[in-house]
Amino acid sequence: MDNKNISSFTNPKSYWLSSTEETNFPPLREDISVDVAIVGGGMVGITTAFLLKRGGLKVSVLESDHILQGVTAHTTGKLTSQHGLIYGKIKSQHGTEKAKQYAEANESAIKFISNIINEKQINCDFSSQSSFVYTQKDKYIGQINKEVEIASAMGINASYTETIPLPFSIKGAVEFKNQAQFHPLKYLLSLAEDIHGDGCNIFEMTPAVDMEKGTITRVITKNGYKVTAKKIIIASHYPFYDKANLYFSRIYVHRSYILAAKIKENFPGGMYINAEQPVRSLRSIPTEDGELIVFAGDHHKTGQGPNTINHYQNLEKFGNNIYTIESIPYYWSTQDCMPLDNLPHVGNLSENTPNIYIATGFRKWGMTNSTASAIILKDLIVNGSSPWGDVYNPSRFTPMASIKNFIVENFNVAEQFISGKVSRLPDELDVPVGDGKVLEIKGKRVGVYRDENNKLYFVDTTCPHLGCELKWNLAEKSWDCPCHGSRYTYKGEVLEGPTTKPLKRLYYN
Ligand code: FES
């Protein structure tokens, strides 16, 4: 464990990744046929493949990198149906029945994970915890009381409290009992071990770049091989395929930040998040080197806002205000797909694609929503229906719930598109070591990064997805798109979709 030099925050490292081995599944090297092809080896892809294989189907998971390295490896690892003050929102926007389905799906996801851990005897630091949404502002008390009432009516063990065991005073909180926390990668790597073999496969370093729709569907991979399948599931976080543009205007993307710190005081246990902004979320992680405390939050839209290092510093300041931080061995950031109407999209990609399924838009609550998605997808494919299918249905039409957000978010995309094209740029090559800048070189916008050996990397900063101009992210040393959240390394390689194409490299030195 190396301890961070406070105030640098330029070498992020996830505890979940650092405490598990990288997988080494083979790439796809031939054309194959299976029952179900799953694009994306994150929590949805792995859990769905695990369930479908148990259901007797032949499944292939296609992962562009190594499995479980993306959002799944950069979570806080909370297993809770308490997704902020969500039940009041779902009930008012979508009605009581859908709020009930959402509660059942996410409570069932916690039970499912707990049962699998018991059945397979997975050592993944699972522990039962209470989860709290607290507020320090009077104006949220009404919503918190309402949340207790609605969540209780949905069958959740919810109650109101005016105290929580954290070292600051609050105005009120809603507590959900019988929630949990765990090490997500230790759990999912155990599921992955059960998938590969007996006609089922996990293929790594196998990016999917296109699909063929129809009665028989095909995934086309970057290396030219095809997977023919009766069904395809798009589980690539942000959909890698969206030719009808159904999702680009319905999902926007946030980045959030996480510190895992050693503190001088004793942490009381429990999982916490506030109702107000900026978001502050806490839990503990047991490790071989002692307990770490997670301080998370401080989100912003990807590619927008000031220097990304500020977000880590804000969390460090928050941690030090309530405890004494001794060291920060790990810190990392993550990216979340935010649906306009607060509900994930899980089910058929569209009404015209009966053999293609999608799972995306979990907001910041991917652990239970991914698991619920896997159960829904398995039920839709094996049984033809799911008891939670309605609330997650991607073809729902909820104009009142999403129209305001639709206008705001799509105006924001247009604004980013235009401002990126017309902003004035410096033309001097004064890029500090370890930093990146967009410069104007010979009348062209060029992204320049200078590495520790003074080597310069030049990329075209026009996003290959739909043409927005990229912004430099100093904390992660990446080029980020403010429109739909695609991200690239300083060399131009794809880090996160929806893009499937790298940036053009322009000059070399
Ligand atoms: Fe859509 Fe960049 S991700 S334009």
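Positions are given from 1 along the sequence. In each ligand, atom 1 is the first atom listed, and ligand 1 is the first ligand listed.
Atom 1 (Fe) of ligand 1 lies at 2.8 Å or more from every N, O or S atom belonging to Cys483. Not one N, O or S atom of Cys468 sits under 2.8 Å from atom 2 (Fe) of ligand 1. Backbone or side-chain N, O or S atoms of His484 reach atom 1 (Fe) of ligand 1 at under 2.8 Å.
Within a 6.0 Å sphere centred on NZ of Lys477, heavy atoms belonging to other residues, nucleotides or ligands number more than 12.
When Pro498, Gly303, Cys463 are ranked by how near their heavy atoms come to atom 2 (Fe) of ligand 1, first place goes to Cys463.
Salt bridge annotation for Glu21-Lys186: absent, with no cationic side-chain nitrogen under 4.0 angstrom from a carboxylate oxygen. Residues Glu469 and Arg445 are paired through a salt bridge, judged by an N-O separation under 4.0 Å between the basic side chain and the carboxylate. In summary, Asp298 and Arg280 engage in a salt bridge, as defined by a charged side-chain N under 4.0 Å from a carboxylate O. Using a 4.0 Å cut-off between a side-chain N of Lys or Arg and a carboxylate O of Asp or Glu, Asp35 and Lys230 qualify as a salt bridge.
Closest to atom 4 (S) of ligand 1 among all protein heavy atoms lies Leu466 N, 3.2 Å.
If you run side chain to side chain donor-acceptor pair (under 3.5 Å) between Asn342 and each of Gln93, His94, His83, only Gln93 comes through.
Those atoms of ligand 1 with a heavy atom of His465 less than 4.0 angstrom away are 1 (Fe), 2 (Fe), 3 (S), 4 (S). With ligand atoms numbered from 1 in the order given, ligand 1 contributes 3 (S) to contacts under 4.0 Å with heavy atoms of Ser486.
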